[in-house]
Colleague: 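Here it is, the structure in full.
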Amino acid sequence: MEHRLFEANPDPKKPKFFLTAAFPYPNGPVHMGHARTYTIPDVLARFKRMQGYNVLFPMGFHYTGTPIIAIADAIARGEKSWINLFVNVFGVPKEELEKFKEPLYMARYFHEVSKISMIDAGYSIDWRREFATIDPQFSKFIHWQFQKLKEKGFIVQGTHPVGWCPRDKMPVSMHDTKDDVEPEIGEFVLLYFKDKDGVIYPAATLRPETVFGAINVWVNPNATYVKAKVDNEIWVISEDTAYRLTFQLRKVEVIEKFKGEKLLGLRLRNPVTGEYVPVLPATFVDPKMGTGIVMSVPAHAPYDYAALMGLKPSDLSKYNVKPEELKPRPLIKVKGYSDIPAKDVIEKLEVKSQEDREKLDEATKEVYGAEFKYGVMRDDIIQYVAKDIPEPARSYIIGFVKSWIVGKPVSEARENIAKWLEASGLASRMYEIVNKPVYCRCGAEVVVKILEDQWFIDYGIEEWKQLAREALKQMRIVPEEYRSNFEYTIEWIKRRACARTRGLGTKLPWVDGWIIESLSDSTIYMAYYTIAHKIKEYKLKPEQLTYEFWNYVMLGEGDVNKVSKKTGIPVKILEELRNEFDYWYPLDSRHSGKDLIPNHLTFFIYNHVAIFPREKWPRQIVVNGWITVGGQKMSKSLGNILPILFVNRKYSPDVVRLSLMITAEVGQDGDFNEELARSVLDHLKRIYDFTQKVKDMICYEKPGKLEDIDIWILNRMQKHIVKVTESLENVRLREAANTIFYIIYDDIKKYMDRVKYHLNIPERRKTIGWVIGKIVNTWIRMMAPYTPHLAEELWQIIGGKGFVSIAPWPKVEEEYLSPEVEVKEEYIERVIHDIDEIIKVIKKKPSKVYIYVAPIEMYEPLQQAIKFVEESKPLKDFIRFMVSTAKDKRRAAEQAKKIYSLALDIPPHIRDILKQVKIDELKALTSALDYIKGKIGVQEIHVYSSIDKKAPDPGKRKHLALPFRPAIYVE
Ligand SMILES: [Zn+2]
């Protein structure tokens with residue numbers, strides 16, 4: 001920090017890289033979920049910085065909206081669960097907690113705690129640019145953004161359904177609800193079933209096209225229902241519905257309350273068939289969903305079918321229902337199903353009763369999905385229409401059904417019948433939270449309210465959608481499989497309430513009484529970072545930050561002299577700000593958790609294309625998965641929200657960083673647990689101890705001659721540099737971490753194992769010291785993005801210059817690339833492996849080992865065989881080829897078989913090298929003899945050429961030697 005390594009300023013000589021992560025709400029300390037989202041960009045920031053980029057990674061704090069106020073209110077109300085969490089889990093001192101009733105005090109407190117946590121975690125943030133969304137200067141920026149949106153016609157005022165908290169009396173979306181659930185709003189059609197007196201029983205359905213087969217009506221006998229005056233009609237609905245309807249522009253006056261069982265046996269007239277159908281009991285009917293009145297279509301609704309199965313003959317006679325009345329009516333043809341699809345699926349899933357909720361939900365999903373996609377309305381439904389309705393009404397209805405329903409796909413028929421019934425006064429609509437129950441942070445259950453005069457951002461405008469699609473198309477999405485989630489969101493997203501009547505934040509600039517909500521004031525704030533520090537440095541006042549000011553700084557529009565005159569900001573400063581923005585923008589990478597795809601990240605795309613020219617559109621979005629703790633989702637109720645600071649203090653920041661990166665690849669869900677942290681800690685300790693152990697050997701004088709094994713480790717390091725660089729470029733952070741911390745460690749361990757026999761030879765010791773110095777220097781630089789604290793310490797230990805955090809990223813040194821040495825080392829390991837296998841078979845401790853290697857000339861037939869194998873030519877072709885030039889045809893054929901199968905056996909990457917390289921096996925094994933002896937635990941090992949006539953051959957194995965596979969005899 002004190003060295004200001006991470007403060008980035010425009011530098012035209014350097015390429016820039018600007019990345020941001022979603023800023024936190026300071027209503028608690030940043031926790032492990034944040035840690036994952038921030039460690040990912042920090043690793044990339046550090047990597048890019050070492051690659052020579054001018055990297056900007058800033059951070060701010062999101063005070064906007066209700067997340068802070070709701071919790072301050074809960075503390076003020078004395079809610080135990082929050083107080084426990086703050087005191088026992090977050091470690092807030094009791095005397096501080098008292099002051100949390102004041103929302104801003106609490107926000108400032110957690111703002112500071114979170115900032116300390118992030119510094120402690122080693123995030124390479126430029127803190128000069130920090131800001132809070134309630135800063136008056138930031139509000140001026142949001143004013144400018146909203147004026148721009150309004151000018152373009154993207155902000156509209158109107159009547160629209162929204163998720164609503166009846167206690168707070170305001171719209172709620174994801175960040176206002178418990179557990180961050182976005183309330184999803186669906187639309188029910190209410191079909192008016194009527195009794196003999198004309199009282200309406202509005203059956204709520206998503207499938208009005210099945211009304212032809214509605215042979216009875218369900219109510220829940222145990223729920224409370226009311227008779228109520230709704231607008232100017234008399235309705236019978238559940239008591240809860242009467243409450244919810246009041247939010248949807250309906251006037252509701254309850255006349256009478258009673259239990260649902262009172263309605264059983266009543267007869268109601270189906271609005272389309274005209275038949276009087278019975279009201280029957282069903283426990284699956286939820287009085288809090290829809291109206292509490294459900295029409296029963298057993299042929300196409302698994303719940304209805306299951307509920308009818310459960311009725312006993314005694315029930316039927318009790319309600320005066322004849323069994324034949326309840327026969328399911330087939331309405332829809334759908335391929336792959338019988339006339340009664342509900343029955344098919346119920347039998348397939350072995351549903352036993354209407355209480356089998358899980359299976360019934362699955363069955364419903366299947367039938368509804370199949371019928372919506374492939375279903376067509378049957379011709380014979382006409383027989384049910386207007387059965388008991390007199391002419392001429394009857395002919396009129398039949399005419400409609402014939403032309404608009406029969407033979408139509410389900411999706412069309414559904415809309416047609418709903419519109420027609422509505423127009424005929426036989427139906428209306430009602431909104432519902434379809435993923436209910438959703439709770440506001442204050443604890444009240446969210447309902448749908450039809451809001452009048454509400455301000456909306458209209459993400460449904462087609463030209464705007466089109467620009468968003470284009471931006472998405474040219475953007476890199478990591479991981480790529482999340483792209484379809486963005487595409488889907490852009491397609492369905494419509495109007496969104498953008499202002500609230502309470503909460504912290506910026507007022508709508510053109511009208512009083514509205515505050516811009518948190519998912520609407522956080523869409524282009526990345527641009528604000530580019531100049532946030534300058535606004536502070538030059539003490540610019542909010543009133544100076546006019547519409548013209550932002551137009552100039554963010555868009556380069558207007559005459560700088562006029563802007564200067566109007567704002568009182570010197571031209572030089574205006575130009576400096578413009579330059580900052582222009583240098584850093586567009587944003588190179590945006591980071592957030594996957595839960596923000598359907599809202600924040602999509603709004604981010606939309607608002608950028610609305611405000612900025614194409615060349616300033618964002619370039620990349622990186623989406624990360626969840627993090628669980630010990631296998632559990634973090635939640636307030638479990639009390640397992642782990643603040644970063646505590647975890648860092650317990651394990652050290654580097655352990656936490658590496659654990660989070662190694663647990664899963666970026667887009668996947670990961671788990672942080674004790675066992676993982678312990679094993680990472682132990683491993684980092686091994687790396688530290690190793691560096692301590694070798695530091696005195698390190699030698700900077702370049703040696704004259706390198707042995708094969710020296711070149712082997714240098715060659716391996718070059719390959720790792722290529723692979724790790726590629727992994728990091730592609731944001732495969734787990735893969736890169738695995739190579740750096742584990743694979744390279746194993747390679748270095750092997751190298752040390754190979755050369756320990758040379759350490760008492762002074763000349764070799766010096767060379768090895770030089771090799772170690774070189775590879776450790778490269779290695780520490782590769783660790784630095786992940787474990788910066790450890791890397792700086794190791795860098796000091798080996799006498800590295802300056803800070804490793806700004807040392808150059810390792811580059812491949814071509815001179816150390818040696819496929820030949822790599823293949824030689826592979827050969828030695830294979831020989832050791834083969835000897836081990838033989839020893840296992842003979843099951844005794846050997847005293848002597850004889851190795852016979854093939855002469856180098858035999859590599860020619862092997863190389864030929866490799867060619868045959870690679871061209872997928874069969875063995876017989878190779879035999880023919882070998883025999884054609886041989887004197888002893890039979891022997892040549894036999895030899896060809898062996899060599900061909902050897903070529904098949906060699907892994908492709910080695911084959912590739914062997915095509916051009918021949919190994920002097922005698923030399924290779926002799927030079928590694930100490931190592932081989934040590935590995936096998938046998939002191940007497942003899943290596944001979946297989947054509948050495950004088951070589952002893954006690955096991956008669958000499959003649960079996962093949963290239964790359966010597967003959968071995970163990971005594
Ligand atoms: Zn509320």
Side-chain angles (χ1 to χ4, degrees), residues 24-28 62-86 100-107 110 133-134 160-186 239-249 288-289 431-456 495-508 513-522 595-596 598-600 635-637 641:
Y25 291 111
N27 61 355
H62 203 188
Y63 282 53
T64 307
T66 54
I68 289 162
I69 287 191
I71 291 172
D73 284 356
I75 299 285
R77 282 199 302 271
E79 256 183 46
K80 285 251 160 51
S81 60
W82 280 108
I83 293 173
N84 277 340
L85 183 77
F86 277 27
F100 281 12
K101 293 168 189 166
E102 168 51 47
L104 275 183
Y105 185 87
M106 180 184 76
F110 285 124
T133 56
I134 52 161
H160 200 68
V162 296
W164 179 263
C165 171
R167 183 186 290 172
D168 294 328
K169 301 199 174 18
M170 61 164 209
V172 286
S173 56
M174 189 185 195
H175 286 180
D176 309 307
T177 63
K178 275 196 178 157
D179 302 322
D180 287 341
V181 188
E182 178 78 34
E184 287 168 35
I185 297 173
E239 185 181 23
D240 193 74
T241 308
Y243 160 73
R244 280 178 286 119
L245 280 176
T246 58
F247 297 99
Q248 302 196 11
L249 305 181
K288 299 188 84 170
M289 184 63 118
Y431 294 103
E432 185 62 286
I433 304 285
V434 288
N435 58 337
K436 70 164 44 179
V438 176
Y439 296 98
C440 175
R441 281 182 195 259
C442 77
E445 189 175 342
V446 175
V447 297
V448 181
K449 182 172 170 72
I450 299 178
L451 258 197
E452 294 172 291
D453 302 331
Q454 167 73 19
W455 293 96
F456 297 95
R495 287 183 173 190
R496 209 193 132 82
C498 64
R500 304 275 189 267
T501 50
R502 82 190 270 268
L504 301 171
T506 302
K507 289 182 179 142
L508 269 187
W514 294 96
I515 291 160
I516 295 166
E517 61 89 45
S518 63
L519 283 163
S520 300
D521 85 339
S522 56
D595 50 322
L596 297 186
N599 44 60
H600 164 71
S635 85
K636 180 174 75 88
S637 46
I641 297 175

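Counting starts at 1 for both ligands and their atoms, in listed order.
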Colleague: Set out, in order, the CA-CA distance, both residues' side-chain angles and the distance that settles side chain to side chain donor-acceptor pair (under 3.5 Å) for Ser173 and Arg496, then state yes or no.
Modeller: CA-CA 9 Å; Ser173 56; Arg496 209 193 132 82; 2.9 Å; yes
Colleague: Of the options Asp168, Asp176, Asp180, which is the one that meets Arg441 in a side chain to side chain donor-acceptor pair (under 3.5 Å)?
Modeller: Asp180
Colleague: Could you go through the ring pair (Phe, Tyr, Trp, His ring centres under 6.0 Å) check for Phe86 and Phe110 one step at a time?
Modeller: CA-CA 11 Å; Phe86 277 27; Phe110 285 124; 5.3 Å; yes
Colleague: Checking one value in my table: which N/O/S atom of Asp168 lies closest to the Zn ion (ligand 1)?
Modeller: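 Output for this pair reads OD2.
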Colleague: Decide, counting backbone as well as side-chain atoms, whether Asp176 has an N, O or S atom less than 2.8 Å from the Zn ion (ligand 1).
Modeller: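 No.
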Colleague: To the nearest 10°, what's the angle at the Zn ion (ligand 1) between atoms SG (Cys165) and SG (Cys440)?
Modeller: 110°
Colleague: Between the side chain of Thr64 and the main-chain N/O of Glu517, is any donor-acceptor distance below 3.5 Å?
Modeller: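 Absent.
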